[in-house]
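The block underneath contains the structure these notes are about, expressed in structure tokens.
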Number of protein chains: 2
Amino acid sequence: MHISSLEEYGVRCALQLARQYQMGPSSASKIAQLEGISVEYVSKIMHLFRKAQLISSLRGTQGGFTLLSPPDQIHLKQIFDALAGKRNSGDFCSHFAGHQETCVHFQHCAVKPVWQILSNYFDGVLSQISLHDLIHAEKTGHQHLHQLIQQTAQASPSVPRVGAENQGALV
Amino acid sequence: MHISSLEEYGVRCALQLARQYQMGPSSASKIAQLEGISVEYVSKIMHLFRKAQLISSLRGTQGGFTLLSPPDQIHLKQIFDALAGKRNSGDFCSHFAGHQETCVHFQHCAVKPVWQILSNYFDGVLSQISLHDLIHAEKTGHQHLHQLIQQTAQASPSVPRVGAENQGALV
DNA sequence: TTTTATCAATACAAAAATGTATGGATTCAG
DNA sequence: CTGAATCCATACATTTTTGTATTGATAAAA
């Protein structure tokens with residue numbers, strides 16, 4: 001499994017914004033300093049967040065970025081979606097089509113359902129976890145986080161509580 | 001969630017070898033033709049498989065590649081491991097360290113456990129599914145596949161039947 | 001033996017992801 | 001009004017991933 005750099009740093013920057021929620025805007029330079037990455041990179045991430053309507057921005061002295069919703073209403077899935085390029089479309093069939101237009105295994109494909117199951121679990125977990133959950137876990141340990149995910153898994157083992165947006169045909 | 005090209009095509013090539021198991025070697029050109037990708041790319045994948053001791057090879061006319069174990073004893077995890085570069089080491093802390101040597105969140109990191117949970121589920125599922133399972137699923141539908149994964153999930157919801165090699169510290 | 005089919009190893013090219021730089025526009029403080 | 005701090009947009013450079021090409025070795029068949 002692979003988490004991209006944008007995803008990792010994106011989540012971390014979002015957490016910085018969440019910690020600062022309702023305490024004035026956070027500047028890119030402040031976030032960069034706290035995360036140990038460049039101001040330019042933070043700016044790029046904020047640009048993506050703004051396009052996804054996750055944050056608002058304010059220029060000038062005392063300017064910076066502000067979450068548009070409270071941290072308990074922003075889930076990791078939204079962060080990932082904001083940062084995703086065209087790759088994470090979930091359309092495995094056209095993405096791995098080799099030299100053809102459509103994949104040679106378009107019908108009777110045994111591989112796709114596996115990716116689908118993994119992808120659904122992945123999305124299910126990310127849809128459950130809010131920025132607030134992570135901040136809470138930092139302070140009081142990860143038990144709550146594990147509980148949250150365990151519930152998710154029990155609700156529907158191989159297709160864990162999928163939001164309306166990612167109900168791929170599983171068969 | 002992201003499946004790399006190597007992983008996708010690697011699994012598909014491995015399935016071609018599995019279908020041909022005990023029926024003589026499969027040549028790169030045959031596999032390439034069946035999968036709709038280039039011979040060179042297949043060769044590259046086979047090179048990685050051989051280094052991982054998953055296959056043997058035979059040169060010359062009638063040559064090709066042969067699985068070293070029966071398809072029900074080769075799981076997707078092994079395929080992925082064979083194809084993995086340095087990226088998939090599971091060591092998120094040093095991989096996403098920004099400008100520092102070690103990540104600024106080295107202690108009290110709320111993000112890592114999430115990746116760890118997802119990664120463990122991912123590895124757990126891949127460790128369960130054999131090449132034979134996939135071929136079987138192609139013919140008789142995906143019910144068996146889902147059952148397999150459901151069992152996995154029930155056995156240990158957030159850390160599903162992890163092999164000894166990937167028991168990361170979760171708290 | 002010669003030809004053909006194949007693998008082996010490595011180098012090369014192209015595309016994508018990652019990260020940095022630059023020249024502006026805006027806002028606020030003095 | 002001027003200057004400093006900040007965001008904005010886009011271009012650029014670097015690295016990694018993806019995919020192709022090349023040259024050589026080996027095995028079998030004709």
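Here is how names work: the chains are called A, B, and so on, in the same order as the sequence lines, proteins then strands, and each is numbered from 1.
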How close or far is atom P of C:dA5 from atom NZ of B:K30, stated in whole angstroms?
15 Å
Hey, does the side chain of A:H47 come within less than 4.0 Å of D:dC7's phosphate (OP1/OP2), counting only N and O?
no
First encountered from the 5' end of DNA chain C, between A:Y9 and B:S29
B:S29
Take the protein atom OH of A:Y41 and the nucleotide atom C1' of D:dA13, then report the distance between them rounded to whole Å.
15 Å
Closest approach of A:V11 to A:F80 (non-hydrogen atoms, all atoms of both residues):
CG2-CE1, 3.8 Å
Tell me the interatomic distance from B:F49, atom CZ, to C:dC7, atom C1', rounded to whole angstroms.
16 Å
Could you list the donor-acceptor pairs under 3.5 angstrom formed between side-chain atoms of residues 33-57 of chain B and any protein atom two or more places apart in sequence or on another chain?
unit_1	atom_1	unit_2	atom_2	d
B:E35	OE1	A:H105	NE2	2.7
B:E35	OE1	B:R12	NE	2.9
B:E35	OE1	B:R12	NH2	3.2
B:E35	OE2	A:H105	NE2	2.8
B:E35	OE2	B:Q16	NE2	2.7
B:S38	OG	B:Y41	N	3.0
B:S43	OG	B:V39	O	2.9

Can you check whether A:H99 has a side-chain N or O nearer than 4.0 Å to OP1 or OP2 of D:dT20?
yes
In whole angstrom, give the distance that lies between atom NE2 of B:H2 and atom P of C:dA16.
12 Å
Over 60° means perpendicular and under 30° means parallel, so classify the ring planes of B:H142 and B:H146, tilted if in between.
tilted
Hey, is the side chain of B:S38 poking within less than 4.0 Å of OP1 or OP2 on D:dT20, counting only N and O atoms?
yes
Nearest to side-chain heavy atoms of B:K44, which nucleotide of C:dT18, D:dT20, C:dA21
D:dT20
Just how far, in rounded Å, is P of C:dA17 from CD1 of A:I45?
15 Å
Can you check the A:R50 CZ to C:dA25 C1' distance for me, whole Å?
12 Å
Closest of C:dT18, D:dG19, D:dT20 to the A:L6 side chain is C:dT18
Rounded interatomic separation in angstrom, taking CD from A:E40 and C1' from D:dT14
15 Å
Using a 4.0 Å heavy-atom cut-off across all strands, classify A:S4 as base, sugar-phosphate, or nothing.
sugar-phosphate
In terms of hydrophobic clusters joined by side-chain contacts under 4.5 Å, are A:L131 and A:Y21 together?
yes
Going by the angle between their ring planes, with limits at 30° and 60°, are B:Y121 and A:Y121 parallel, tilted or perpendicular?
parallel
Does a side-chain N or O from A:S5 land closer than 4.0 Å to OP1 or OP2 of C:dG19, or not?
yes
Over all atoms of both residues, closest heavy-atom pair of B:L145 and B:A137:
CD2-CB, 4.2 Å
By a strict heavy-atom criterion of less than 4.0 Å, which residues belonging to residues 54-63 of chain B are in contact with DNA chain D?
B:R59, B:G60, B:T61
Give me the atom names and distance for the closest heavy-atom approach of A:I79 to A:A14.
CD1-CB, 3.6 Å
Please state how far atom CG in A:L48 lies from atom P in C:dA17, giving the value in whole angstrom units.
13 Å
